[in-house]
Amino acid sequence: MDNDNIIIRLARPDEAEHVAKLIMTAMTEECCLWFCGKDHDIGDFHKVMTELVKQEDSQYSFLNTLCAVDSHDNIVGILTSYDGGRLHEFRQRFIEAAKMAWGIDHSNIPDETGPGELYLDSLAVEPSSRGKGIASKLIEASVDKARKMGLPFTGLLVDTSNPRAEALYTRLGFRVEGTNQWGGHPMRHMVKLTSNR
């Protein structure tokens with residue numbers, strides 16, 4: 001597959017199952033299971049995430065998700081991002097879904113982003129399409145999205161145990177700004193200045 005044939009477009013509600021699967025790839029199975037608890041499995045988590053992707057006002061909404069698609073309109077990668085100033089509003093859907101489906105209250109999850117930042121929440125590329133520049137293309141499209149939204153920074157969390165991802169973000173102009181915890185893992189908060197030049 002040639003990177004030049006990759007198109008970046010918004011996800012659609014009818015693609016929710018596939019998009020949810022890729023978001024879960026970004027989160028890692030271990031984190032997904034941490035969120036849904038010991039009485040539930042990865043299939044239970046996927047059902048909840050699929051419904052969250054279909055909604056317009058969740059952090060994982062199709063409206064917040066860019067898809068990289070090949071010449072046959074097959075999704076080969078996704079990047080979910082949103083205005084960090086709307087985190088609490090968007091996260092409410094996840095909190096409600098977790099209580100209903102798993103009986104777990106996640107209302108005290110530490111904030112991973114804040115105002116002034118387009119937060120890159122979930123980035124994943126299909127295994128067969130990795131190493132072809134698709135992740136970079138999705139990140140560049142998201143930085144452009146931040147610019148259009150007038151947000152001064154684009155930010156993300158990277159797991160401290162994922163040096164390959166951190167190297168990619170560093171190469172694309174992100175720098176470590178601090179540390180955080182998410183999904184039971186230590187993370188680095190990385191940011192990139194969103195310039196209008």
Side-chain angles (χ1 to χ4, degrees), residues 10-67 75 77-127 138 142 154-162 165-166 169 176-191:
L10 260 184
R12 300 186 299 253
D14 65 319
E15 297 169 323
E17 275 192 41
H18 190 174
V19 170
K21 179 180 149 273
L22 284 168
I23 290 171
M24 290 166 61
T25 299
M27 293 173 81
T28 76
E29 186 169 331
E30 183 185 354
C31 281
C32 295
L33 293 173
W34 182 86
F35 277 114
C36 68
K38 60 179 174 39
D39 297 329
H40 300 279
D41 63 23
I42 205 71
D44 297 328
F45 193 88
H46 183 251
K47 283 179 197 161
V48 167
M49 289 303 293
T50 298
E51 290 309 309
L52 291 172
V53 172
K54 289 178 184 176
Q55 295 172 1
E56 294 187 4
D57 59 349
S58 98
Q59 65 197 101
Y60 303 109
S61 172
F62 67 96
L63 293 174
N64 291 331
T65 304
L66 294 176
C67 293
I75 297 173
I78 59 98
L79 201 164
T80 301
S81 65
Y82 46 85
D83 178 345
R86 298 183 69 189
L87 173 66
H88 291 194
E89 169 195 345
F90 285 145
R91 184 187 276 160
Q92 194 56 39
R93 288 295 189 184
F94 176 81
I95 291 167
E96 291 165 3
K99 281 181 189 171
M100 176 91 56
W102 313 316
I104 299 173
D105 184 359
H106 285 300
S107 57
N108 60 356
I109 300 172
D111 291 353
E112 64 257 43
T113 184
E117 176 177 278
L118 179 75
Y119 180 62
L120 308 188
D121 187 296
S122 304
L123 169 65
V125 175
E126 289 286 0
L138 282 162
S142 296
T154 302
L156 55 90
L157 291 183
V158 62
D159 197 309
T160 57
S161 67
N162 193 349
E166 187 172 337
Y169 302 135
V176 175
E177 180 90 342
T179 58
N180 204 329
Q181 284 281 123
W182 186 87
H185 286 252
M187 310 291 263
R188 287 192 180 92
H189 181 211
M190 299 184 77
V191 298

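All values derive from a computational prediction rather than experimental measurement. All residue numbers refer to positions in the sequence shown, counting from 1.
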Here the gap from H106 atom NE2 to W34 atom CH2, rounded to the nearest 0.5 Å, amounts to 6.0 Å

| task | Inspect the surroundings of NZ in K47 and state if more than 12 heavy atoms from other residues, nucleotides or ligands are less than 6.0 Å away. | result | no

Open item on the list: For the backbone of H46 and the side chain of T50, can you confirm whether one donor and one acceptor N or O come within less than 3.5 Å of each other?
Closed with: yes

Output for pair (C67 SG, L10 CG), nearest 0.5 Å, gives 8.0 Å

Output for pair (I23 CD1, L123 CG), nearest 0.5 Å, gives 11.0 Å

- Query: Are more than 12 heavy atoms from other residues, nucleotides or ligands located less than 6.0 Å from atom CD of Q92?
  - Reply: yes

Residue pairs meeting salt bridge (charged side-chain N to carboxylate O under 4.0 Å, His left out), one or both in residues 31-46, sequence neighbours left out, come to none

Next on the checklist: Could you check whether any side-chain heavy atom of E112 comes within less than 4.5 Å of a side-chain heavy atom of E117, counting everything from C-beta outward?
Outcome noted: no

Kindly say whether N162 contributes a backbone atom to a donor-acceptor pair with the side chain of D159 at under 3.5 angstrom? no

Practice task
Flag the pair V19 / M49 as yes when at least one side-chain heavy-atom distance between them is below 4.5 Å, and no otherwise.
Solution key: no

I would like to know whether E15 and F62 meet side-chain contact (heavy atoms from CB on, under 4.5 Å); could you show each step before the answer? CA-CA 8 Å; E15 297 169 323; F62 67 96; over 6 Å; no

Review point. Are the side chain of D57 and the backbone N or O of E89 linked by a donor-acceptor pair below 3.5 Å?
Key: no

Subject >> Residue pair I42 / C32, side-chain heavy-atom distance below 4.5 Å >> reply: yes

Please tell me if the side chains of L138 and I78 come closer than 4.5 Å, counting only heavy atoms from C-beta onward.
no

When rounded to the nearest 0.5 Å, the distance separating CG of L79 from OG1 of T65 is 8.5 Å

Could you please spell out the steps behind the side-chain contact (heavy atoms from CB on, under 4.5 Å) verdict for Y82 and L63?
CA-CA 9 Å; Y82 46 85; L63 293 174; over 6 Å; no

- [ ] Using a strict 4.0 Å threshold on nitrogen-to-oxygen distance, state whether R93 and E56 make a salt bridge.
- [x] no

For this session: Answer yes or no: is there a donor N or O on one side and an acceptor on the other, between the side chain of R188 and the main chain of E166, under 3.5 Å?
Result: no

task: Could you check if a side-chain atom of V48 sits within less than 4.5 angstrom of a side-chain atom of F35, using non-hydrogen atoms only?
output: no

Output for pair (E126 CD, L22 CG), nearest 0.5 Å, gives 4.5 Å

Worked check of side-chain contact (heavy atoms from CB on, under 4.5 Å) between Y119 and L157: CA-CA 9 Å; Y119 180 62; L157 291 183; 3.5 Å; yes

d(T160 OG1, N180 CG) to nearest 0.5 Å is 11.5 Å

Q: Taking the side chain as every heavy atom from C-beta outward, state whether Y169 and L120 have any pair of such atoms under 4.5 Å apart.
A: no

Heavy-atom closest pair (D83 atom, G85 atom, distance to 0.1 Å) is OD1-N, 2.8 Å

By ring-ring contact (aromatic ring centres under 6.0 Å, His included), Y60 pairs with (sequence neighbours left out) none

Closest non-hydrogen atoms of P13 and K54, given as atom of the first, atom of the second and distance, are O-CG, 4.0 Å

Measure up the W102 and F45 rings against each other and bin them: parallel (under 30°), tilted (30 to 60°), perpendicular (over 60°). parallel

Neighbour count >12 (heavy atoms, 6.0 Å) for atom CD, E29 = no

Check your understanding: Is any NZ, NE, NH1 or NH2 atom of the basic residue among K99 and E96 found under 4.0 Å from an Asp or Glu carboxylate oxygen of the other?
Key -> no

State, with a plain yes or no, whether a side-chain heavy atom of S142 is found less than 4.5 Å away from one of L118. yes

Nearest heavy-atom contact between I109 and R91 is O-NH1, 3.2 Å

